[in-house]
Amino acid sequence: MDIKNNKYYKLWFKDPWTYISGAILLSLFQIVTLTTTNDPWGVSGPFTNWGAWLYQALGGNVDKWYYFSSKGAQATLAGGFLNDPGSIRNLGIIVGALLAALLASQFKFKKIKSLKQVIAAMAGGLLMGYGARIGFGCNIGALYSGIASLSVSGWVFAIFLFCGAIVGSKFLVKFFM
Amino acid sequence: MGKEVMLDCLGEACPVPLIKTENALKKLTIGDLLIVHIDHSCAMKNVPEWARKEGHNVEIEEVDDGEWEIFIEKAK
């Protein structure tokens with residue numbers, strides 16, 4: 001029998017899961033993350049460490065940087081990639097997303113449409129990365145984990161995230177439509 | 001039978017395909033067919049969802065690995 005027509009293949013691998021099942025799984029796994037690593041789920045923080053390791057590999061030094069000045073940050077950097085749960089988890093997200101796309105046979109190299117798209121993507125990435133560090137978290141660490149920890153800061157973050165999204169959408173419609 | 005319009009949204013990420021679809025559909029008249037070509041899996045969910053909510057007839061066809069054509073017949 002052709003696997004493409006198999007009911008369970010379609011249900012589990014091909015068709016998108018519902019928002020509800022995604023929400024339940026995310027909630028369960030962020031609890032697992034908190035109990036096993038003693039830190040709430042975060043995504044952009046480990047990327048900052050990746051940047052620091054890359055900079056060190058090129059001969060740079062971040063010892064004097066305020067962001068990495070705490071003992072904890074120094075210990076994480078000294079421990080390396082394999083001893084940083086957040087880094088392993090981020091790698092897992094990337095590999096898992098690739099696997100999901102491959103299993104659904106939806107993997108595709110997408111063409112870059114225009115120079116405008118490249119510039120917007122780089123500007124957006126820089127702004128998001130910079131904002132996530134200044135705000136001590138991204139929409140996962142500060143918003144999702146903040147709210148999950150019953151912290152008011154998560155809700156404050158949500159309000160301003162929403163304001164930013166409105167402004168960003170206006171720019172998007174103005175320059176990309 | 002209305003006219004057929006192709007909308008190329010390959011390489012575009014959310015929410016660009018949805019907004020382009022909304023704008024393209026505004027220009028069409030009842031009975032026209034809009035074919036949206038996408039390769040962004042989220043757009044495969046939100047474009048048909050929006051069009052169905054608006055009351056149009058929608059069909060999705062997977063034309064290649066990670067590539068879809070969304071057929072939207074303007075119904076009102």
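All chains are named by letter (A, B, ...) in the order of the sequence lines, taking the proteins before the strands, and each is independently numbered beginning at 1. Side chains are part of it too, since the values below use all heavy atoms of this structure and drop only hydrogens, waters and symmetry mates.
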S.K.: Do B:Trp50 and B:Val5 land in one hydrophobic cluster if side-chain heavy atoms of ILVMFWY residues count as linked below 4.5 Å?
M.R.: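 Yes, B:Trp50 connects to B:Val5 through the hydrophobic network.
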S.K.: Donor-acceptor pairs between chain B and chain A under 3.5 Å, which ones?
M.R.:
| residue | atom | partner | partner atom | Å |
| --- | --- | --- | --- | --- |
| B:Asp8 | O | A:Lys113 | NZ | 3.2 |
| B:Leu10 | O | A:Lys113 | NZ | 3.1 |
| B:Gly11 | O | A:Gln117 | NE2 | 2.7 |
| B:Asp39 | O | A:Lys110 | NZ | 2.9 |
| B:Asp39 | OD2 | A:Lys108 | NZ | 2.6 |
| B:Glu62 | OE1 | A:Lys14 | NZ | 3.2 |
| B:Glu62 | OE2 | A:Lys14 | NZ | 3.0 |
| B:Glu67 | OE2 | A:Lys108 | NZ | 3.4 |

S.K.: I'd like to know if A:Ile94 and A:Leu26 are part of one continuous hydrophobic network [Ile/Leu/Val/Met/Phe/Trp/Tyr, side-chain heavy atoms within less than 4.5 Å].
M.R.: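 Yes; tracing contacts between hydrophobic side chains, which count when under 4.5 Å, links both residues.
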S.K.: Quick check on B:Cys9 against chain A: is it the side chain, the backbone, both or neither that has a heavy atom closer than 4.5 Å?
M.R.: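 Backbone only.
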S.K.: Taking a hydrophobic cluster as the set of Ile, Leu, Val, Met, Phe, Trp and Tyr residues connected by side-chain heavy atoms closer than 4.5 Å, whether directly or through intermediates, do B:Ile60 and B:Val36 fall within one such cluster?
M.R.: yes
S.K.: Following the transitive rule for hydrophobic clusters with a side-chain heavy-atom cut-off under 4.5 Å over Ile, Leu, Val, Met, Phe, Trp and Tyr, establish whether A:Phe136 and A:Phe68 coincide in one cluster.
M.R.: no
S.K.: Find out if a path of hydrophobic residues (ILVMFWY) with successive side-chain heavy-atom gaps under 4.5 Å connects A:Ile20 to A:Leu28.
M.R.: yes
S.K.: Going by ring pair (Phe, Tyr, Trp, His ring centres under 6.0 Å), name the residues that satisfy it together with A:Phe162, two or more places apart in sequence or in a different chain.
M.R.: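 Per chain and number, A:Phe162 pairs via ring pair (Phe, Tyr, Trp, His ring centres under 6.0 Å) with no residue.
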